[in-house]
Amino acid sequence: MSDKARKLFEALDLDKNGTLSRVEVITALRTKGPSLAASGDLPFWALGDEDASSALFDAADQNGDRELTLEEFTALVDRRFGWS
């Protein structure tokens, strides 16, 4: 697990409960995404609309429980963003 993936997870965890919901991912990427990209914590090409954020969530939700753990999230973003 990369430090970048952990940092991004923490930035997206708006309620700080240690998991990410679909709404949380969509909301956080919409509100924080541009500043995260500007600071180098998110690739610019990863900024997308609600459908793209929802697809990212679906791809990461390995067990289908509609919540992303740190492990599920980092496994996907490390691979997709080339951070591993």
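The analysis underlying the following values was restricted to heavy atoms, covering all of them including side chains, and did not include hydrogens, waters or symmetry mates. All values derive from a computational prediction rather than experimental measurement.
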*Give every residue pair that meets the salt bridge (charged side-chain N to carboxylate O under 4.0 Å, His left out) criterion with at least one member in residues 1-18, sequence neighbours excluded.*
Lys7-Asp41
*asked:* So, using side chain to side chain donor-acceptor pair (under 3.5 Å) as the criterion, who are the partners of Thr19 when residues are at least two apart?
replied: Asn17
*Can you tell me which residue pairs pass the ring pair (Phe, Tyr, Trp, His ring centres under 6.0 Å) test with a partner in residues 6-29, sequence neighbours excluded?*
Phe9-Phe73
*Measure the spacing between CG of Asp65 and OG of Ser21 and express it to the nearest 0.5 Å.*
11.5 Å
*asked:* Which residues pass the ring-ring contact (aromatic ring centres under 6.0 Å, His included) test with Phe81, not counting sequence neighbours?
replied: Trp45, Trp83
*Which hydrophobic side chains are connected to Ile26, either touching it within the sub-4.5 Å cutoff or through other members that do?*
none
*Which atoms form the tightest heavy-atom contact between Ala37 and Leu47, and what is the distance?*
CB-CD1, 3.9 Å
*asked:* As an exercise, state the distance from CG of Leu20 to CG of Leu14, rounded to the nearest 0.5 Å.
replied: 8.5 Å
What pairs of donor and acceptor atoms, side-chain ones from residues 49-57 against any protein atom, are under 3.5 angstrom apart with sequence neighbours left out?
{"unit_1": "Asp49", "atom_1": "OD1", "unit_2": "Asp51", "atom_2": "N", "d": "3.2"}
{"unit_1": "Asp49", "atom_1": "OD1", "unit_2": "Ala52", "atom_2": "N", "d": "2.9"}
{"unit_1": "Glu50", "atom_1": "OE1", "unit_2": "Arg30", "atom_2": "NH2", "d": "3.4"}
{"unit_1": "Ser53", "atom_1": "OG", "unit_2": "Asp49", "atom_2": "O", "d": "3.3"}
{"unit_1": "Ser54", "atom_1": "OG", "unit_2": "Arg22", "atom_2": "NH1", "d": "2.5"}

*asked:* Please enumerate all residues that pass side chain to side chain contact (heavy atoms under 4.5 Å, CB included) together with Ala60, with sequence neighbours excluded.
replied: Leu68, Leu76
*Ignoring hydrogens and angles, tell me if any N or O in the side chain of Ser35 forms a donor-acceptor pair with the backbone of Lys32 under 3.5 Å.*
yes
*In Å, rounded to the nearest 0.5 Å, how long is the span from CG of Leu36 to CG of Leu12?*
6.5 Å
*salt bridge (charged side-chain N to carboxylate O under 4.0 Å, His left out) contacts touching residues 67-79 (sequence neighbours left out)*: none
*Is any side-chain heavy atom of Leu29 less than 4.5 Å from a side-chain heavy atom of Leu42?*
yes
